[in-house]
Q: 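Below you will find the structure I want to go over with you.
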Amino acid sequence: MSKTETVIGVLALQGAFDVHAKKLQELGAQVRLVRKPEELVGLGGLVIPGGESTTFLKNLERVGFYDVLNEYVHKHPVFGTCAGCILLANEVTNPPQRSFAVLDVTVERNAYGRQNDSVILNEETSLPGGPLEMVFIRAPRISRHGADVKVLAERDGFPTLVQQGRLLAATFHPELTDDTRVHQHFLEIVAAESAK
Ligand code: GLN
């Protein structure tokens with residue numbers, strides 16, 4: 001499949017999917033909102049947006065989507081933000097919950113407490129172009145990461161943007177700022193994977 005034909009899916013069961021779709025379209029990508037298992041077929045990659053991971057799990061199980069998505073995330077480029085990052089993690093704490101266990105991190109849900117429900121920070125990133133604005137909303141914290149996980153940005157010494165091969169995950173919401181670098185980075189991962 002050539003790069004121009006690549007379609008990026010955005011899981012649209014819950015959460016901030018439309019803003020992701022807009023951002024990807026701004027970058028020239030073709031986007032498909034994914035609400036049913038069969039809509040995963042033929043995608044170059046998938047974005048799992050933020051929202052509420054427990055609600056995602058309930059919805060996925062209700063529509064018989066969990067197992068198909070589980071298989072998908074183990075084989076294709078996936079970008080999980082916030083709740084999406086929680087779904088990809090090897091281990092979830094506070095409290096423990098089911099996850100696809102494909103990204104070698106431990107994620108602590110709602111780790112910043114009520115006093116810090118939502119905050120915008122500017123932090124260094126190894127993505128080119130200087131500091132990155134990060135919007136955290138009831139954010140999880142990556143409390144452990146494996147040796148294969150590359151840290152692309154941090155908050156207080158904890159990773160906020162990580163990559164493990166074709167998997168990208170953020171504990172913040174890159175779709176809510178004007179900065180397109182994180183989505184651009186995901187499109188580059190997808191392009192590299194499609195070229196294999
Ligand atoms: N607190 C949510 C959860 O635990 C994640 C928040 C978000 O996606 N903005 O699933």
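Below, each value reflects all heavy atoms present in this structure, side chains not excepted, and no hydrogens, waters or symmetry copies. Note that the numbering runs from 1 along the sequence shown for the chain. This one's a predicted model, so the numbers in the text were calculated from it and none came from an experiment. Indexing begins at 1, ligand by ligand and atom by atom, following the structure's order.
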Q: Would you mind running through ligand 1 and noting each atom that sits below 4.0 Å from a heavy atom of S53?
A: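 Ligand 1 atoms under the 4.0 Å threshold to S53: 3 (C), 4 (O), 10 (O).
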Q: Nearest to atom 1 (N) of ligand 1, what protein heavy atom do you find, and at what distance?
A: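 Looking only at protein heavy atoms, the one closest to atom 1 (N) of ligand 1 is N110 OD1, 2.7 Å.
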Q: Tell me whether H173 has any N or O atom under 3.5 angstrom from an N or O of ligand 1.
A: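 So ligand 1 has an N or O lying under 3.5 Å from an N or O of H173.
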Q: Is the closest side-chain heavy-atom distance between H20 and K23 below 4.5 Å?
A: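 No, too far: nothing below the 4.5 Å cut-off.
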Q: Please state which part of R109 comes within less than 4.0 Å of ligand 1, counting heavy atoms only: side chain, backbone, both or neither.
A: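 The part of R109 near ligand 1 is the side chain, not the backbone.
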Q: In a check of side chain to side chain donor-acceptor pair (under 3.5 Å) between T106 and each of H145, R141, E91, which one passes?
A: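 By the side chain to side chain donor-acceptor pair (under 3.5 Å) criterion, T106 pairs with just one of H145, R141, E91: E91.
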Q: What do you reckon, does T81 have a nitrogen or oxygen under 3.5 Å from a nitrogen or oxygen of ligand 1?
A: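 No, there is no polar N/O contact under 3.5 Å.
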Q: Should the pair E39-R35 be classified as a salt bridge under the 4.0 Å nitrogen-to-oxygen rule?
A: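 Salt bridge flag = no for R35 with E39.
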Q: Measuring from atom CZ of R155 to atom OG1 of T171, what distance do you get when rounded to the nearest 0.5 angstrom?
A: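 R155 atom CZ to T171 atom OG1 measures 7.5 Å (nearest 0.5 Å).
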Q: Numbering the atoms of ligand 1 from 1, which are under 4.0 Å from a heavy atom of I86?
A: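 Checking each atom against I86, I get 3 (C), 4 (O), 10 (O).
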Q: Taking C-beta and beyond as the side chain, do V190 and H76 meet within less than 4.5 Å on heavy atoms?
A: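 They are not in contact (no side-chain heavy atoms under 4.5 Å apart), so the answer is no.
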Q: Number the atoms of ligand 1 from 1 as they appear, then name those within less than 4.0 Å of a heavy atom of C82, with their elements.
A: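 Selected atoms, number and element: 5 (C), 6 (C), 7 (C), 8 (O), 9 (N).
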Q: Check the side chains of E26 and H183 for a donor-acceptor pair under 3.5 angstrom, ignoring hydrogens and angles.
A: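 H183 vs E26: no donor-acceptor pair found between side chains.
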Q: Closest by any non-hydrogen atom to atom 5 (C) of ligand 1: pick that one out of G50, G51, P49.
A: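 Minimum heavy-atom distance to atom 5 (C) of ligand 1 goes to G51.
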